[in-house]
J.: 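The structure is given below, and queries will be raised subsequently.
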Amino acid sequence: MRPSSIGFSVLSVLAPLVLATPNANLAAYIGYATLNGGTKGGIGGATTTVSSLAALKTAITDDTARVVMVAAGKEYSGAGELKVGANKSIIGISPGPSLVGVGHRVQDKSNVIIRNLKISKVLNDAIGVQGTSVRNVWIDQCDLSSDKDHDKITMTAFLISPTVHNMSASPNVFSNIKKPIFEAGGCATAINNQNATPNTAPACSPAASVPYSYSTIALSSVVSHVTANAGTH
């Protein structure tokens, strides 16, 4: 079983966080997503604000560098998944917009940032990151949830191929999801995480070190730290 270059720093709590709108021009600053030249998403491209599911789909599908701001205070309802192109930053304007029944899939695309979205009741995976050529993905400050009527048993927050490289996910909120992280056929390195539900990805061995610098806080302080600081970057 070959380890993937995936950096996880994932928080799972029962209560949602109140987040400020993230800085749209911020590149990934934590984990494996900082390697391989870094993860900048759509930084340097045009910035557009969308307020409908159709407009969101149009704005994120191509590979042109673009920062896509998703309008707040709305529920974007649908079914299935949105395909995310390369060189994209998808950022919810606080309070985080709610996507109901709609997941995101990064398939053989690179340099993607997804931040400050609420995704719920998806009948598959909230965010799928798959393919043999995926590099540099950062998923941050997202609220991912399900319920007993919408695939709570099988819904996965992150479905990740073992061939994905340089991905970070931190911090995110999981509620009523049996499999917060599922890496099919590979393994994941997880350090100092707090999960309300079990992680089904097997641990890499050995996991004594990672090729990037980081600092930790006490596990008992994770919830209060994230609640106080989320959305300040």
Side-chain angles (χ1 to χ4, degrees), residues 10 12 16-19 21-22 24 41-42 47-64 66-131 134 137-161 164 167 169 171-184 197 231:
V10 180
S12 176
L17 303 178
V18 178
L19 306 176
T21 301
T47 298
T48 184
T49 299
V50 299
S51 57
S52 71
L53 196 59
L56 175 60
K57 180 178 180 180
T58 299
I60 68 176
T61 301
D62 63 24
D63 293 336
T64 301
R66 186 177 299 115
V67 175
V68 181
M69 307 297 294
V70 186
K74 295 191 63 175
E75 180 178 290
Y76 300 79
S77 298
E81 61 190 21
L82 301 177
K83 294 182 179 180
V84 181
N87 309 310
K88 291 295 180 295
S89 296
I90 306 171
I91 300 176
I93 299 172
S94 288
S98 178
L99 280 72
V100 180
V102 182
H104 286 63
R105 184 162 303 277
V106 182
Q107 182 79 39
D108 284 312
K109 300 295 182 179
S110 296
N111 192 32
V112 173
I113 294 173
I114 300 175
R115 307 186 71 196
N116 205 40
L117 295 179
K118 298 177 183 178
I119 302 176
S120 64
K121 302 177 182 179
V122 180
L123 295 178
N124 200 338
D125 314 308
I127 300 176
V129 185
Q130 297 178 290
V134 181
V137 176
W138 182 33
I139 302 172
D140 178 66
Q141 297 179 190
C142 289
D143 184 334
L144 310 174
S145 65
S146 189
D147 61 30
K148 66 180 181 179
D149 297 321
H150 293 85
D151 222 13
K152 174 182 176 180
I153 300 302
T154 60
M155 177 179 167
T156 303
F158 302 134
L159 178 65
I160 304 163
S161 295
V164 171
M167 174 179 167
N172 295 279
V173 176
F174 306 141
S175 302
N176 296 322
I177 296 178
K178 185 177 182 180
K179 297 179 291 186
I181 304 168
F182 183 77
E183 192 193 1
T197 47

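As a basis for the values below, the full set of heavy atoms in this structure was taken, side chains included, without hydrogen atoms, waters or symmetry mates.
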J.: To the nearest 0.5 Å, what is the distance between OG1 (T61) and CG (L82)?
T.: 7.5 Å

J.: Between the main-chain N or O of D62 and the side-chain N or O of K88, is there a donor-acceptor pair closer than 3.5 Å?
T.: yes

J.: Measure the spacing between CD1 of I127 and CZ of R105 and express it to the nearest 0.5 Å.
T.: 11.0 Å

J.: Say you draw a straight line from CG of L99 to OG of S120; how long is it, rounded to the nearest 0.5 Å?
T.: 8.5 Å

J.: Side-chain contact, heavy-atom cut-off 4.5 Å: K57 with V50?
T.: no

J.: Determine yes or no for a side-chain-to-main-chain donor-acceptor pair under 3.5 angstrom, with N116 supplying the side chain and G92 the backbone.
T.: yes

J.: Does any part of the side chain of I113, heavy atoms only, come nearer than 4.5 Å to the side chain of D140, both counted from C-beta?
T.: no

J.: Counting N and O atoms only, with roles assigned by atom type, does the side chain of N87 sit under 3.5 Å from a partner on the main chain of G42, one being a donor and the other an acceptor?
T.: no

J.: Would you indicate whether the side-chain heavy atoms of L117 and P97 approach each other to under 4.5 Å?
T.: yes

J.: Distance check, rounded to the nearest 0.5 Å: T58 atom OG1 versus L53 atom CG?
T.: 9.5 Å

J.: Distance-only, no hydrogens or angles: does the D63 side chain make a donor-acceptor pair with backbone N or O of G85 under 3.5 Å?
T.: no

J.: Search all heavy atoms of A72 against all heavy atoms of P95 and return the closest pair with its distance.
T.: CB-O, 3.3 Å

J.: Under the 3.5 angstrom rule, does the side chain of R66 hit a backbone N or O of T48 as a donor-acceptor pair?
T.: no

J.: Return the NZ to CD1 distance between K109 and I60, rounded to the nearest 0.5 Å.
T.: 12.0 Å

J.: Has S89 got a side-chain atom pairing as donor or acceptor with V67's backbone, closer than 3.5 angstrom?
T.: no

J.: Which value, rounded to the nearest 0.5 Å, describes the distance between I119 atom CD1 and E81 atom CD?
T.: 11.5 Å

J.: Please tell me if the side chains of I114 and C142 come closer than 4.5 Å, counting only heavy atoms from C-beta onward.
T.: yes

J.: Compare all side-chain heavy atoms of I93 with those of T49 and state whether any distance is below 4.5 angstrom.
T.: yes

J.: side-chain contact (heavy atoms from CB on, under 4.5 Å) between I139 and V129: does it pass, once the steps are laid out?
T.: CA-CA 10 Å; I139 302 172; V129 185; 4.3 Å; yes

